[in-house]
Amino acid sequence: MKWHQFKHQLSQLSDLKREIKLLEQQVSDLKEQLYTPDKQSLSDTVKGSQAEYPYCSRTLIIVGDIPEVANSKARIRKAIAEMVTQIWSLRERCVEEVKRLTEWIFGVDDSQIRQILTLRYIKGESFQQIAFAIGESDESYPRRKLRDFLKVAENAESKVR
């Protein structure tokens with residue numbers, strides 16, 4: 001895979017991850033709507049007792065929705081199910097992208113560069129986190145090392161064209 005293809009796939013992976021988070025937030029918002037008590041709900045109380053001895057009397061509350069609210073909640077449930085299906089589909093695409101990118105990264109000769117590429121683009125870590133992970137304390141080290149590698153990769157590709 002050429003460097004420009006790799007860059008495009010990197011952006012796709014980060015975009016897919018953001019899209020998944022957005023959909024997950026939308027599902028969370030819809031669930032909140034679904035389970036927030038509605039002022040249009042109907043409720044009643046009934047008296048009852050246990051079926052067996054001792055026959056202790058107790059009061060039960062029965063809650064239900066008026067038909068319009070029930071229909072609205074059914075539509076919300078359907079939207080949630082569709083979004084969850086989309087989320088799983090996007091997660092599968094993420095797995096495929098990670099496989100492709102990992103194969104490309106594996107082809108890089110320098111072990112430290114492979115680690116930096118994986119931590120930065122696959123895991124999405126900051127340069128400070130990357131520095132600590134590779135045994136450095138300064139975030140500028142992995143940033144500089146990556147920048148130098150990318151320059152060489154781009155120059156090599158432009159000479160081939």
* R18: side-chain hydrogen bond (donor to acceptor under 3.5 Å, both in side chains) partners, not counting sequence neighbours -> D15
* I122/L101 under side-chain contact (heavy atoms from CB on, under 4.5 Å): CA gap, chis, key distance, verdict -> CA-CA 8 Å; I122 305 293; L101 294 172; 3.6 Å; yes
* Asked: Less than 4.5 Å apart, any side-chain heavy atom of I116 and any of F149?
  -> no
* Mind checking what makes salt bridge (Lys or Arg N to Asp or Glu O under 4.0 Å) contact with E19, not counting sequence neighbours? -> none
* Asked: Going from CD1 on I20 to CG on L90, what distance comes out if it is rounded to the nearest 0.5 angstrom?
  -> 5.0 Å
* **side chain to side chain contact (heavy atoms under 4.5 Å, CB included) partners of Q115, counting only residues at least two apart** => S111, I134
* **Approximate separation, where rounding is to 0.5 Å, of C94 SG and K99 NZ** => 12.5 Å
* Flag the pair I130 / Y141 as yes when at least one side-chain heavy-atom distance between them is below 4.5 Å, and no otherwise. => no
* Under the side-chain hydrogen bond (donor to acceptor under 3.5 Å, both in side chains) test, which residues partner R143, sequence neighbours left out? -> E139
* **Backbone N/O of V108 and side chain of R114: donor-acceptor pair under 3.5 Å** => yes
* **Qualifying residues under side-chain hydrogen bond (donor to acceptor under 3.5 Å, both in side chains), relative to D148, sequence neighbours excluded** => none
* Given side-chain contact (heavy atoms from CB on, under 4.5 Å), test Q33 with I76 step by step and report yes or no. => CA-CA 8 Å; Q33 272 184 16; I76 291 172; 3.5 Å; yes
* Validation row: T59, V46 side chains within 4.5 angstrom (heavy atoms) -> no
* Near L60 CG, under 6.0 Å, is it more than 12 heavy atoms from other residues, nucleotides or ligands? -> yes
* **Those residues that, when tested against S89, pass side-chain hydrogen bond (donor to acceptor under 3.5 Å, both in side chains) (two or more places apart)** => none
* Partners meeting side chain to side chain contact (heavy atoms under 4.5 Å, CB included) with D110 (sequence neighbours left out) -> Q112, I113, K145
* Asked: Mind checking whether F132 and Y121 sit in one hydrophobic cluster, side chains of I, L, V, M, F, W, Y counted as touching below 4.5 Å?
  -> no
* Asked: Taking only residues at least two apart or on different chains, which pairs with a member in residues 117-135 satisfy salt bridge (Lys or Arg N to Asp or Glu O under 4.0 Å)?
  -> K123-E125
* What residues, two or more places apart in sequence or in another chain, satisfy salt bridge (Lys or Arg N to Asp or Glu O under 4.0 Å) together with K151? -> none
* Asked: Between CZ of F106 and OG1 of T118, what distance do you get to the nearest 0.5 Å?
  -> 11.0 Å
Sequence neighbours left out, cut at 3.5 Å: what donor-acceptor pairs do the side chains of residues 22-32 make with other protein atoms?
residue: E24; atom: OE2; partner: R91; partner atom: NH2; Å: 2.3
residue: Q25; atom: NE2; partner: D29; partner atom: OD1; Å: 2.8

* Structure fact -> Residues at least two apart in sequence or cross-chain that pass side chain to side chain contact (heavy atoms under 4.5 Å, CB included) with S57, listed by chain then number, are K47
* **Those residues that, when tested against S140, pass side chain to side chain contact (heavy atoms under 4.5 Å, CB included) (two or more places apart)** => D138, R144
* **Q128 side-chain N/O to S137 backbone N/O, donor-acceptor pair under 3.5 Å** => yes
* **Full working for salt bridge (charged side-chain N to carboxylate O under 4.0 Å, His left out) between E96 and R93** => CA-CA 5 Å; E96 291 304 315; R93 286 176 59 189; over 6 Å; no
* To do: Apply side-chain hydrogen bond (donor to acceptor under 3.5 Å, both in side chains) to T85 and E82, showing your working.
  => CA-CA 5 Å; T85 300; E82 289 170 358; over 6 Å; no
